[in-house]
**Student:** 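Handing you this structure, nothing more for now.
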Amino acid sequence: KYTNLDDGLYISILGQVFDVTKGAKFYGPGATYHAFTGCDASLAFITGEFHSKGLTDDISSLSFEQIKMLDSWVQFYNKNYIYKGKLNGRYYNEHGLPTEEFHNVQRILRQAKEEQFQDEHKKKMFPPCNIEWKPDSGTVVWCTKKSGGIERDWIGVPRMLFASPNSKEYRCACVNLDSREYHDMKGMIREYLQCPKTSVKCAVTEIL
């Protein structure tokens with residue numbers, strides 16, 4: 001019913017229904033996102049697939065990061081459009097109560113937000129290095145009190161910070177050798193072979 005300007009343009013995302021009539025130039029008949037109206041097409045908000053198979057509320061194929069992006073769309077509609085209620089289906093039952101699928105999504109969002117917090121905390125403890133590459137001199141890494149966009153009262157020295165003790169993936173991090181965090185994380189931090197131990201700048205051959 002709610003796919004036209006007479007009755008209104010409604011969309012649903014993760015079971016929440018919004019009136020998007022004021023955005024008719026985007027959601028009206030013939031507009032780019034008209035396929036979203038009259039159904040819960042949560043998956044398509046991420047995949048951009050507007051055909052019948054893609055217009056589904058089944059998001060089981062999405063990653064944690066993609067589900068976080070989808071939740072940001074929910075926040076966008078809450079801020080910019082009129083919330084109308086809940087859709088009886090995958091995320092809410094006929095009484096408007098959350099289903100197990102709703103709780104699964106919330107668990108994923110909580111876990112994703114916790115991982116984001118941990119990642120941001122790690123960046124504050126070990127800010128990214130400044131990195132420059134030139135054809136003639138190769139890669140140079142160095143630390144300052146503002147490197148990585150994180151201001152602090154220490155400079156630090158460049159080190160390879162690995163995702164885990166057995167991981168091969170790493171990034172260049174500025175490390176405060178006098179900090180407790182450095183001693184707690186020593187198993188995931190390695191020196192650049194070409195870099196003097198206390199130098200704040202050095203040329204490296206490792207791929208960053």
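Everything numeric here is computed off the predicted structure, so don't read it as measured data.
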**Student:** Just say parallel, tilted or perpendicular for the rings of Tyr170 and Phe162, cut-offs at 30° and 60°.
**Tutor:**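 Ring orientation of Tyr170 relative to Phe162: tilted.
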
**Student:** Passes side-chain contact (heavy atoms from CB on, under 4.5 Å), Glu65 versus Ile67? Steps please.
**Tutor:** CA-CA 5 Å; Glu65 283 299 314; Ile67 292 175; over 6 Å; no

**Student:** Rounded to the nearest 0.5 Å, what separates atom CG in Asn104 from atom CG in Leu109?
**Tutor:**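 These two atoms lie 11.0 Å from each other.
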
**Student:** Between Lys86 and Val17, which heavy-atom pair has the shortest distance, and what is it?
**Tutor:**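 Of all heavy-atom pairs spanning Lys86 and Val17, the closest is C-CG2, 4.0 Å.
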
**Student:** Distance from Leu177 atom CG to His183 atom NE2, nearest 0.5 Å?
**Tutor:**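 The NE2 atom of His183 is 7.5 Å from CG of Leu177, to the nearest 0.5 Å.
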
**Student:** Answer yes or no: is there a donor N or O on one side and an acceptor on the other, between the side chain of Gln66 and the main chain of Ser63, under 3.5 Å?
**Tutor:**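 Yes; at least one donor-acceptor contact below 3.5 Å.
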
**Student:** I'd like to check the ring pair (Phe, Tyr, Trp, His ring centres under 6.0 Å) partners of Phe26; sequence neighbours left out, ordered by chain and number.
**Tutor:**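 Listed in chain order: nothing, the list is empty.
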
**Student:** Just do the side-chain contact (heavy atoms from CB on, under 4.5 Å) check on Val140 and Lys201 with the steps written out, would you?
**Tutor:** CA-CA 7 Å; Val140 176; Lys201 183 176 183 178; 3.6 Å; yes

**Student:** Whether the side chain of Thr99 engages the backbone of Arg90 through a donor-acceptor N/O pair (distance < 3.5 Å, no angle test) should be reported.
**Tutor:**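 Confirmed, Thr99 side chain pairs with Arg90 backbone.
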
**Student:** With the side chain counted from C-beta on, respond yes when Ile59 and Val105 share a heavy-atom pair under 4.5 Å apart, and no when they do not.
**Tutor:**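 Of all side-chain heavy-atom pairs linking Val105 with Ile59, at least one is under 4.5 Å.
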
**Student:** Applying side chain to side chain contact (heavy atoms under 4.5 Å, CB included), name anything that partners Asp40, two or more places apart in sequence or on another chain.
**Tutor:**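 So Asp40 forms a side chain to side chain contact (heavy atoms under 4.5 Å, CB included) with Ser12, Ser42, Asp57, Leu87, Tyr91.
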
**Student:** Side chains of Val141 and Cys202: closer than 4.5 Å at any heavy-atom pair?
**Tutor:**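 Val141 reaches Cys202 side chain to side chain.
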
**Student:** Taking all atoms of both residues into account, what is the closest heavy-atom pair of Tyr192 and Cys172, and its distance?
**Tutor:**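 Shortest heavy-atom contact: OH-CB, 3.2 Å.
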
**Student:** Do Tyr77 and Val20 come close enough that some side-chain heavy atom pair is under 4.5 Å?
**Tutor:**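 Yes. Closest side-chain heavy atoms under 4.5 Å.
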
**Student:** Can you establish whether the number of heavy atoms outside Tyr182 located under 6.0 Å from its atom OH is more than 12?
**Tutor:**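 Yes, the 6.0 Å shell around OH holds more than 12 heavy atoms from other groups.
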
**Student:** With a 4.5 Å cut-off on side-chain heavy atoms, are Glu181 and Phe126 touching?
**Tutor:**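 Yes, close enough: below the 4.5 Å cut-off.
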
**Student:** Begin from the C-alpha positions of Cys129 and Cys143 and carry the test disulfide bond (SG atoms under 2.5 Å apart) through to its verdict.
**Tutor:** CA-CA 5 Å; Cys129 307; Cys143 296; 4.3 Å; no

**Student:** List for me each residue that meets side chain to side chain contact (heavy atoms under 4.5 Å, CB included) alongside Ala31, sequence neighbours excluded, and say none if there are none.
**Tutor:**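 Applying side chain to side chain contact (heavy atoms under 4.5 Å, CB included) to Ala31 gives none.
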
**Student:** Give, for atom NZ of Lys186 and atom CZ of Arg159, the distance between the pair rounded to the nearest 0.5 Å.
**Tutor:**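 Here the interatomic distance stands at 10.0 Å.
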
**Student:** To the nearest 0.5 Å, what is the distance between CG on Leu161 and CE on Met125?
**Tutor:**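 Atom-to-atom, Leu161:CG and Met125:CE are 8.5 Å apart.
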
**Student:** Closest heavy-atom contact between Lys124 and Trp154?
**Tutor:**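 Closest heavy-atom pair between Lys124 and Trp154: O-CZ2, 4.4 Å.
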
**Student:** How close do Ala44 and Leu55 get, heavy atom to heavy atom, and via which atoms?
**Tutor:**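 For Ala44 and Leu55, the tightest heavy-atom pair comes out as CB-CD2, 4.0 Å.
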
**Student:** Has Ser199 got a side-chain atom pairing as donor or acceptor with Pro196's backbone, closer than 3.5 angstrom?
**Tutor:**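 Here the side-chain-to-backbone pair does not exist.
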
**Student:** Is Lys84 close to Phe18 at the side-chain level, that is, under 4.5 Å between some pair of heavy atoms?
**Tutor:**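 They are not in contact (no side-chain heavy atoms under 4.5 Å apart), so the answer is no.
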
**Student:** Kindly write out the residues that satisfy ring pair (Phe, Tyr, Trp, His ring centres under 6.0 Å) with Tyr10, not counting sequence neighbours, or none if the list is empty.
**Tutor:**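 So Tyr10 forms a ring pair (Phe, Tyr, Trp, His ring centres under 6.0 Å) with Tyr2.
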
**Student:** Is Lys146 atom NZ crowded by more than 12 heavy atoms from other residues, nucleotides or ligands, each under 6.0 Å away?
**Tutor:**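 Atom NZ in Lys146 is not crowded, with 12 or fewer foreign heavy atoms closer than 6.0 Å.
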
**Student:** How many angstroms lie between atom CD1 of Ile11 and atom OH of Tyr81, to the nearest 0.5 angstrom?
**Tutor:**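 Reported value, rounded in 0.5 Å steps: 8.0 Å.
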
**Student:** Could you pull out the closest heavy-atom pair between Met69 and Ile46, with the gap in Å?
**Tutor:**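 Smallest interatomic distance, heavy atoms only, reads CB-CD1, 3.8 Å.
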
**Student:** What verdict does the side-chain contact (heavy atoms from CB on, under 4.5 Å) test give for Val74 and Gln16, after you've listed the backbone C-alpha separation in whole Å, the side-chain angles of each residue and the deciding distance to 0.1 Å?
**Tutor:** CA-CA 8 Å; Val74 176; Gln16 297 188 45; 3.6 Å; yes

**Student:** Using the ring centroid of each side chain, check whether Phe36 and Phe50 are separated by less than 6.0 Å.
**Tutor:**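 Ring-ring flag for Phe36/Phe50: true, centres closer than 6.0 Å.
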
**Student:** Please examine the side chains of Leu43 and Ser61, heavy atoms only from C-beta on, and report whether any two atoms are closer than 4.5 Å.
**Tutor:**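 When only atoms from C-beta onward are counted, Leu43 and Ser61 do touch, with a gap below 4.5 Å.
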
**Student:** Which atom names give the shortest non-hydrogen contact between Met160 and Glu191, and what distance separates them?
**Tutor:**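 Nearest pair, atom of Met160 first, then Glu191: CE-O, 3.2 Å.
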
**Student:** Can you name the residues that form a ring pair (Phe, Tyr, Trp, His ring centres under 6.0 Å) with Phe102, not counting sequence neighbours?
**Tutor:**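 With neighbours one apart ignored, the set is Tyr92.
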
**Student:** Given the rule in the side-chain contact (heavy atoms from CB on, under 4.5 Å) test, do Lys123 and Arg171 qualify, once you have shown the distances and angles that lead to the verdict?
**Tutor:** CA-CA 11 Å; Lys123 280 188 176 180; Arg171 67 173 175 85; 4.0 Å; yes

**Student:** Kindly compute the distance separating OG1 (Thr32) from NZ (Lys25), expressed to the nearest 0.5 Å.
**Tutor:**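 Reported value, rounded in 0.5 Å steps: 11.0 Å.
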
**Student:** Is a side-chain donor or acceptor of Arg152 paired with a backbone partner of Ile150 at a separation under 3.5 angstrom?
**Tutor:**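 Flag set: sc Arg152 to bb Ile150 pair under 3.5 Å.
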
**Student:** Ignoring hydrogens and geometry, is there a side-chain-to-backbone donor-acceptor pair from Lys68 to Ile108 under 3.5 Å?
**Tutor:**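 Checked: no pair found.
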
**Student:** Applying side chain to side chain contact (heavy atoms under 4.5 Å, CB included), name anything that partners His95, two or more places apart in sequence or on another chain.
**Tutor:**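 Testing His95 for side chain to side chain contact (heavy atoms under 4.5 Å, CB included), a comparison that skips the adjacent residues, returns Asn93, Leu97.
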
**Student:** Please determine if Arg107 and Glu100 form a salt bridge, counting it only when a charged side-chain N lies under 4.0 Å from a carboxylate O.
**Tutor:**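 Counted as a salt bridge, because a side-chain N and a carboxylate O are separated by less than 4.0 Å.
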
**Student:** For Leu9, is there any backbone N or O sitting under 3.5 Å from a side-chain donor or acceptor partner on Thr21?
**Tutor:**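 At least one qualifying donor-acceptor pair exists.
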
**Student:** Quick one: does His103's side chain get under 4.5 Å of Pro98's, heavy atoms only?
**Tutor:**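 Yes; the side chains approach each other to less than 4.5 Å.
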
